[in-house]
Amino acid sequence: QVQLVESGGGLVQAGGSLRLSCAASGRTFSHYTMGWYRQAPGKEREFVASITWSGGMIDNADSVKGRFTISRDDAKDTVYLQMNSLKPEGSAVYSCNAPDVFVAELASPVNYWGKGTQVTVSS
């Protein structure tokens with residue numbers, strides 16, 4: 001029942017914009033760092049951006065700096081990725097992640113992942 005669900009992907013021309021959303025359910029992730037990753041066919045999963053509790057610290061991959069913006073709305077248990085100036089090489093499945101989430105039943109941290117949303121950037 002605890003899950004992250006991404007939405008907002010689609011087909012866009014190079015230079016265009018999309019906003020991805022990642023909604024949490026089953027529990028709140030408001031006190032945890034959350035991030036976005038992407039994986040293109042035949043390539044390894046790549047870090048895109050992350051944001052800490054209350055948005056205090058933001059980290060962006062060099063490949064997206066100046067173009068992508070991560071944000072969160074803890075009242076909605078949702079994290080966003082605003083993607084501007086999209087490039088064809090940005091085509092990938094974008095997934096959100098909540099690392100090291102403590103689960104009392106397991107007495108250990110759990111790394112949660114959404115199933116991803118496809119972003120395709122045409123040239």
Side-chain angles (χ1 to χ4, degrees):
Q1 292 183 326
V2 178
Q3 60 180 357
L4 302 173
V5 179
E6 302 93 339
S7 62
L11 176 64
V12 64
Q13 286 189 315
S17 299
L18 286 173
R19 189 177 78 157
L20 306 183
S21 298
C22 174
S25 63
R27 66 164 295 160
T28 180
F29 290 85
S30 62
H31 288 79
Y32 292 91
T33 295
M34 298 186 69
W36 286 95
Y37 289 75
R38 65 187 180 187
Q39 186 170 24
K43 297 184 179 180
E44 295 183 352
R45 186 162 56 194
E46 174 190 20
F47 170 77
V48 176
S50 65
I51 184 168
T52 61
W53 173 47
S54 298
M57 295 182 65
I58 292 175
D59 192 22
N60 295 291
D62 289 341
S63 60
V64 306
K65 287 182 178 178
R67 299 186 297 114
F68 291 9
T69 302
I70 188 170
S71 62
R72 68 192 301 165
D73 185 343
D74 289 332
K76 298 180 179 179
D77 286 322
T78 301
V79 63
Y80 304 95
L81 184 67
Q82 178 66 48
M83 306 186 296
N84 299 324
S85 301
L86 282 162
K87 302 177 180 179
E89 54 264 40
S91 296
V93 174
Y94 285 71
S95 302
C96 66
N97 165 247
D100 301 322
V101 178
F102 182 77
V103 178
E105 293 82 0
L106 301 178
S108 62
V110 173
N111 194 36
Y112 285 100
W113 290 92
K115 294 183 178 180
T117 184
Q118 177 71 49
V119 173
T120 303
V121 185
S122 64
S123 59

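FYI, side chains are in, hydrogens and waters are out, and symmetry mates aren't considered; it's all heavy atoms of this structure. Predicted model, so just to flag it, every value in this text is computed and none were measured.
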For the residue pair Ser7 and Thr117, establish whether any side-chain heavy-atom pair is separated by less than 4.5 Å.
no
Test your reading of the model: is there a side-chain donor-acceptor pair from Thr52 to the backbone of Met57, 3.5 Å cut-off?
yes
Answer yes or no: is there a side-chain heavy-atom contact under 4.5 Å between Phe29 and Val79?
no
For the pair Asn84 (side chain) and Gly16 (backbone), establish whether a donor and an acceptor sit closer than 3.5 Å, ignoring hydrogens and angles.
no
Quick one: are Leu81 and Phe68 in side-chain contact, heavy atoms under 4.5 Å?
yes
Heavy-atom nearest pair, Ser85 first then Ser17, reads N-OG, 4.3 Å
Validation row: Val119, Arg38 side chains within 4.5 angstrom (heavy atoms)
no
Mind checking whether Val103 and Val2 have side chains closer than 4.5 Å, heavy atoms only?
no
Do the non-hydrogen side-chain atoms of Ser63 and Glu46 ever get within less than 4.5 Å of each other?
yes
Hydrogens and angles aside, do Ser50 and Asp59 bring a side-chain donor and acceptor to less than 3.5 Å of each other?
no
Considering only heavy atoms from C-beta outward, does the side chain of Glu6 approach that of Tyr94 to under 4.5 Å?
no
Parallel under 30°, tilted from 30 to 60°, perpendicular over 60°: which one fits the rings of Phe47 and Tyr37?
perpendicular
Is it the case that one hydrophobic cluster holds both Met83 and Ile58, taking links as side-chain heavy atoms less than 4.5 Å apart, direct or via other members?
yes
Has Thr78 got a side-chain atom pairing as donor or acceptor with Ala23's backbone, closer than 3.5 angstrom?
no
